[in-house]
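What you see below is based on every heavy atom in this structure, not just the backbone, and it leaves out hydrogens, waters and symmetry mates. Sequence lines set the chain letters: A, B, ... in the order given, protein chains first and strands last, and positions in each chain run from 1.
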Amino acid sequence: MREELAKNYNPAEFEDRIYAKWVEKGYFKPDGDKKKKPFSIVIPPPNVTGQLHMGHALDETLQDILVRTKRMQGYSTLWVPGTDHAGIATQIKVEERLRVDEGLSRYDLGRDKFLERVWAWKDSYEERITGQLKKLGASCDWSRQRFTMDEGCSRAVREVFVNLYDKGLIYRGHRIINWCPRCLTALSDAEVEYKDMPGNFWHIKYPIKGEEGYVEVATTRPETMFGDTAVAVNPEDEATKHLVGKTLILPIVNREIPVIADDYVEIGFGTGCVKITPAHDPNDFLVGQRHGLEQIKVMNDDATMNAYAGKYEGMDRYACRKALVADLEAEGFLVKTEPHDHNVGTCYRCGTTVEPLTSDQWFVKMKPLAAPAIEAVECGNINFVPERFSKNYFNWMNNILDWCISRQLWWGHRIPAFYCDACGAMEVSKTDLTVCPKCGAPMRQEEDVLDTWFSSALWPFSTLGWPDKTDDLARYYPTDTLVTGYDIITFWVSRMIFSGLEHMGEKPFSTVFIHGLVRDAQGRKMSKSLGNGIDPLKIIEQYGADALRFALATGNAPGNDMRFSDEKIEAARNFANKLWNASRFVLMNLTEDDETLLTLPEESALTAEDKWILSAFNKLARSVNDNVENYEVGVALGEIYSFTWDTFCDWYIEMAKSRIFAKDTPEALTAKRVLVHVLTGILKLLHPYMPFITEEIYQALPHADESIMISAYPTFDKEIDFSADEEEIKRIIACITAIRARRAEMNIAPSKKAKLYVVTKYKSTFENAAPMLEKLASVSELHIVDSYDSSDAVAIATDSGNLYIPLADVIDFEKERARLTAEYEKNEGEISRLEKKLSNEGFVAKAPAAVVEGEKAKLAKYLETRAAITEALAKLK
RNA sequence: GGAGGCAUAGCUCAGUUGGUUAGAGUACUUGCUUGACAUGCAAGGGGUCACUAGUUCGAGUCUAGUUGUCUCCACCA
């Protein structure tokens with residue numbers, strides 16, 4: 001059954017309808033056929049913090065292209081959708097809304113009530129995100145949709161936590177961590193972003209006990225001096241080593257601290273003396289451990305000063321800094337203030353300057369996990385596309401430190417550790433423990449939750465049902481391709497790799513396909529603060545999902561950033577419109593029954609242009625398959641584009657018109673069958689990129705399958721390989737192009753037809769092409785002659801093979817002479833270039849024979865052209 | 001400080017292992033109510049492929065360096 005194709009391309013009219021149909025038919029679910037090879041992708045779960053942006057649209061488009069291609073290639077494909085709870089990010093959003101709308105903090109509500117709010121938020125945003133994915137055309141299996149905090153994923157998290165704990169790979173430690181005073185939680189190293197900020201170097205005098213002098217230290221953060229427990233110098237530093245062992249008096253505080261020797265201090269940098277604050281600086285922490293120094297924490301969790309700061313207690317760290325510097329100056333301890341730009345760590349979610357401080361947290365011991373993860377990529381078991389991103393990965397993995405996984409948040413997986421206050425026992429358990437196994441007293445669960453990325457790391461197997469041994473897991477793990485941006489290689493990709501290897505004993509995916517960022521038309525990152533973000537939904541409304549997908553996929557090279565602009569989306573929409581209208585043209589001429597139209601004619605009935613287009617399509621199919629296999633989706637799409645527009649529409653349809661319009665002839669039927677065949681093939685090749693329009697047109701054409709989605713992807717077909725016949729049509733195309741160019745130069749109106757005399761050795765080619773020449777080159781009469789010798793006309797030549805094309809009635813004598821002379825000179829240039837090349841012994845001896853032959857053939861062609869032009873010029877006299 | 005990307009037409013970008021006269025979109029010029037499409041058709045103009053040196057018969061493509069630009073990682077008190 002065929003559907004009508006609307007007169008105008010209006011994607012809003014059919015996209016939703018088609019998507020609903022696909023879902024209803026269950027096409028997105030994997031084919032249960034066990035003979036088919038599996039192909040699986042898990043979606044990088046979008047955060048439930050908000051809606052999808054262009055980056056997501058690109059990510060999902062690329063995945064859908066791969067999945068749809070594989071599905072049509074006969075794989076049993078599974079694309080698992082889902083969302084991420086995004087711990088800090090989501091909690092911040094909900095807290096913010098609570099504050100603005102109701103003036104409440106999460107503490108006002110309490111943990112349970114607050115979490116209810118977050119779940120409600122999650123529900124509404126998850127729905128919004130899945131709605132957007134559907135608008136985009138994503139062919140994921142919605143019956144398998146997951147969420148990082150759903151029951152199954154939560155079980156996986158507990159399983160992993162307990163297993164790692166039992167293996168000694170998770171431990172609780174008192175260490176220095178990155179603390180966000182705004183979010184009131186610990187952060188992992190990866191969650192800290194360093195930003196350049198202007199600051200100062202304050203040089204401060206630390207008096208030496210029992211002596212007149214002082215030691216000068218420089219600091220960017222004077223407020224931490226309340227926590228100083230030593231000053232360090234380098235033991236090799238001649239300038240300062242005499243100070244080692246002396247005692248200093250901390251100004252203002254009047255506490256005594258020692259001078260110690262540690263080679264962490266760089267000789268020649270600053271004053272050579274470093275104040276050591278083990279509780280507030282990661283390096284100082286290590287120095288402190290080496291020397292057994294006391295850790296004095298001088299701030300509260302919200303970065304206000306505590307009792308150790310004396311009279312500054314209660315002040316914010318920056319207010320304290322200001323007041324302290326003023327006091328130091330007043331009391332003569334401040335030597336100088338130097339402007340100094342430095343890198344300050346900030347919270348990746350809220351931007352607040354993080355405060356390094358010591359705290360009790362949970363950690364994952366990384367070295368044992370990193371080793372096999374490095375190995376897997378090194379030996380090629382997992383590949384990065386483009387390959388260069390593996391360097392990024394190695395750099396991170398080789399220098400990895402233990403991973404701080406506890407967060408002082410409420411939204412997330414609560415750590416499955418249980419404490420007994422009565423006997424002090426601590427148990428880690430997969431199930432909730434309410435009674436202490438040691439003393440029988442009640443137990444309380446750890447308040448902290450896990451880092452969001454702890455659960456994301458398990459995504460490739462938790463979504464397939466792990467820890468249960470499910471059929472999905474058996475069939476679809478490891479997954480095939482992970483599609484993501486380079487910005488989360490460290491956060492996510494690396495952690496999935498070591499998690500998969502550790503818990504599944506097998507890699508989570510074979511290929512990591514990396515794409516770049518989508519930037520705005522000026523090349524800036526799209527961001528909320530700049531307000532330059534483009535909403536994919538708005539684009540879809542205006543131009544259609546297919547145009548959006550096309551704009552994102554076309555010309556996109558793996559790993560490279562791209563710009564999104566009005567021009568791009570318009571070009572994409574224009575292409576869709578072109579395809580629509582070409583299809584409409586084909587459709588309006590189809591009068592025969594579907595069965596007839598669906599079969600390709602016998603080879604003997606095919607004309608030269610039929611063979612040419614079939615052959616060209618064949619090559620296109622091969623190339624598109626190859627390019628997708630190599631993740632060059634941008635190249636593949638570019639090829640489909642130019643074949644569709646330049647080859648099929650601009651040439652083949654135009655060539656076929658003369659036959660099509662000869663109604664009810666066998667020739668017309670042949671042309672229509674070829675048109676249907678090639679157009680259908682184009683639609684199939686294009687379907688993964690532009691799923692909606694291709695389906696809509698497919699349903700209007702005679703079609704064999706219920707949906708284009710489940711039809712077979714075109715491949716190279718030996719049966720329709722007519723490469724040998726292609727030269728013929730290329731000659732005609734060259735001739736038509738040449739005539740058009742001459743006519744344009746001479747300013748000849750299209751309505752003015754001209755007689756054409758051709759002198760050629762390819763007589764039958766031109767005889768057959770007579771109707772085309774009339775139609776496409778405004779030829780009134782075609783004369784194929786042995787020689788042309790009319791005194792009232794001139795000749796022109798093309799390099800398509802010994803060809804004169806006199807336009808007897810219309811040529812401008814003088815202009816033609818000038819043009820031919822220019823042509824001749826250009827041709828001479830090429831001849832001398834090639835002669836030089838071919839007389840180069842090195843080239844002839846070392847270049848591959850095929851290349852040399854190619855150059856020789858070229859030269860022969862140019863020589864022919866030279867003869868033709870010479871003859872033509874002679875006739876001009 | 002370490003690593004990497006990018007530099008090709010006015011603009012935005014392709015150019016896969018070195019091998020035709022370096023391509024596309026867009027913009028520009030000229031002509032066109034061509035039996036689907038003006039979101040179109042046809043014909044054009046426009047590039048010392050950042051610079052320098054090297055490898056090679058041959059370099060936009062490989063190597064080294066220079067300049068500009070962007071990003072990631074580390075982080076010095």
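When the C1' atom of B/G40 is taken as reference, atom CG of A/Asn8 falls 13 Å away, rounded to whole Å. Rounded to an integer number of Å, the gap from OH of A/Tyr206 to P of B/A77 is 14 Å. For A/Asn589 and B/A36, the CG to P distance is 9 Å, given to the nearest whole Å. Distance, A/Tyr194 OH to B/A3 C1': 18 Å, rounded to whole Å. When rounded to the nearest whole Å, the span between CG of A/Asn625 and P of B/U16 equals 20 Å.
Residue A/Asn560 is classed as a sugar-phosphate contact, given heavy-atom separations below 4.0 Å to backbone atoms only. Within 4.0 Å of A/Trp202, counting heavy atoms only, lies no atom of the nucleic acid at all. Among the heavy atoms of the strands lying under 4.0 Å from A/Ala741 are primed sugar atoms or P, OP1, OP2 only; no base atom is included. Contact annotation for A/Val265: base contact, defined as any heavy-atom pair under 4.0 Å involving a base atom. Residue-level contact check: A/Lys195 touches neither bases nor backbone, having no heavy atom under 4.0 Å from any strand. Using a 4.0 Å heavy-atom cutoff across all strands shown, A/Ser642 reaches no nucleic acid atom at all. Among the heavy atoms of the strands, none lies under 4.0 Å from A/Asp284. Using a 4.0 Å heavy-atom distance criterion, A/Asn840 is classed as a sugar-phosphate-only contact. Nucleic acid contact class of A/Thr737 (heavy atoms, under 4.0 Å, all strands): sugar-phosphate only. Among the atoms of the strands shown, none is found under 4.0 Å from any heavy atom of A/Glu841. Contact annotation for A/Tyr641: backbone-only contact, meaning every heavy-atom pair under 4.0 Å involves sugar-phosphate atoms and none involves a base. A/Lys568 comes within contact range of the sugar-phosphate backbone alone, with a heavy-atom separation under 4.0 Å but no base atom that close.
No side-chain N or O of A/Asp262 forms a donor-acceptor pair with one of A/Asn234 less than 3.5 Å apart.
In a base pair of the Watson-Crick type (N1 to N3 plus N6-O4 or O6-N4) or a G-U wobble (N1-O2 and O6-N3), with each distance short of 3.5 Å, B/U12 is matched with B/A24. Judged by Watson-Crick or G-U wobble contacts below 3.5 Å, the nucleotide B/A77 has no partner. Base-pair partner of B/A7: B/U67 (Watson-Crick or G-U wobble, both distances under 3.5 Å). In this structure, B/G45 makes no Watson-Crick or G-U wobble pair, since no nucleotide meets both defining distances under 3.5 angstrom.
Dashed line: the shortest gap from a side-chain N or O of A/Arg743 to OP1 or OP2 of B/A42 is not under 4.0 Å. One finds no side-chain N or O of A/Arg388 lying less than 4.0 angstrom from the OP1 or OP2 phosphate oxygen of B/G4. Between A/Trp396 and B/G4, a side-chain N or O to OP1/OP2 separation shorter than 4.0 Å is absent. Close to B/U16, at under 4.0 Å from its OP1 or OP2, lies no side-chain N or O of A/Asn627.
The gap from the P atom of B/C41 to that of B/U26 amounts to 10 Å, rounded to the nearest Å. A gap of 40 Å separates the P atoms of B/G44 and B/G5, to the nearest Å.
On a pure distance criterion of 3.5 Å, a polar donor-acceptor pair joins the side chain of A/Glu654 and the base of B/A36. Scanning atom types as modelled, no donor and acceptor separated by under 3.5 angstrom connect the side chain of A/Asn392 and the base of B/C72. The base of B/U39 sits within donor-acceptor range of the side chain of A/Arg573, with an N or O pair under 3.5 Å.
Comment: A/Glu338 engages A/Lys336 in a salt bridge, judged by a side-chain N to carboxylate O separation of less than 4.0 angstrom.
Figure legend: A/Lys657 and A/Tyr652 shown without cation-pi pairing, the cationic atom not lying both under 6.0 angstrom from the six-membered ring centre and within 45 degrees of its axis.
The aromatic rings of A/Tyr641 and A/Trp645 lie tilted to each other, with the angle between the two planes from 30° to 60°. Classification of the A/Tyr486-A/Phe389 ring pair by plane angle, with boundaries at 30° and 60°, yields parallel. Between A/Phe643 and A/Phe648, the angle of the ring planes stays under 30°, which puts this pair in the parallel group of the 30/60° scheme.
For A/Lys525, the listed nucleotide lying nearest its side chain is B/C72; candidates were B/A77, B/G19, B/C72. Checking B/A77, B/C41, B/U20 against every side-chain atom of A/Lys578, the shortest atom distance belongs to B/C41.
Between the A/His280 side chain and the A/Val298 main chain, a donor and an acceptor come within less than 3.5 Å of each other.
For the pair A/Gly842 and A/Tyr486, nearest-nucleotide mapping onto RNA chain B gives the more 5' position to A/Gly842. Of the two residues near RNA chain B, A/Lys391 and A/Ala571, the one whose nearest nucleotide lies more 5' is A/Lys391.
Ring-to-base geometry does not place A/Phe843 in a stacked arrangement with B/G58 (centre distance under 5.5 Å, plane angle under 30° required).
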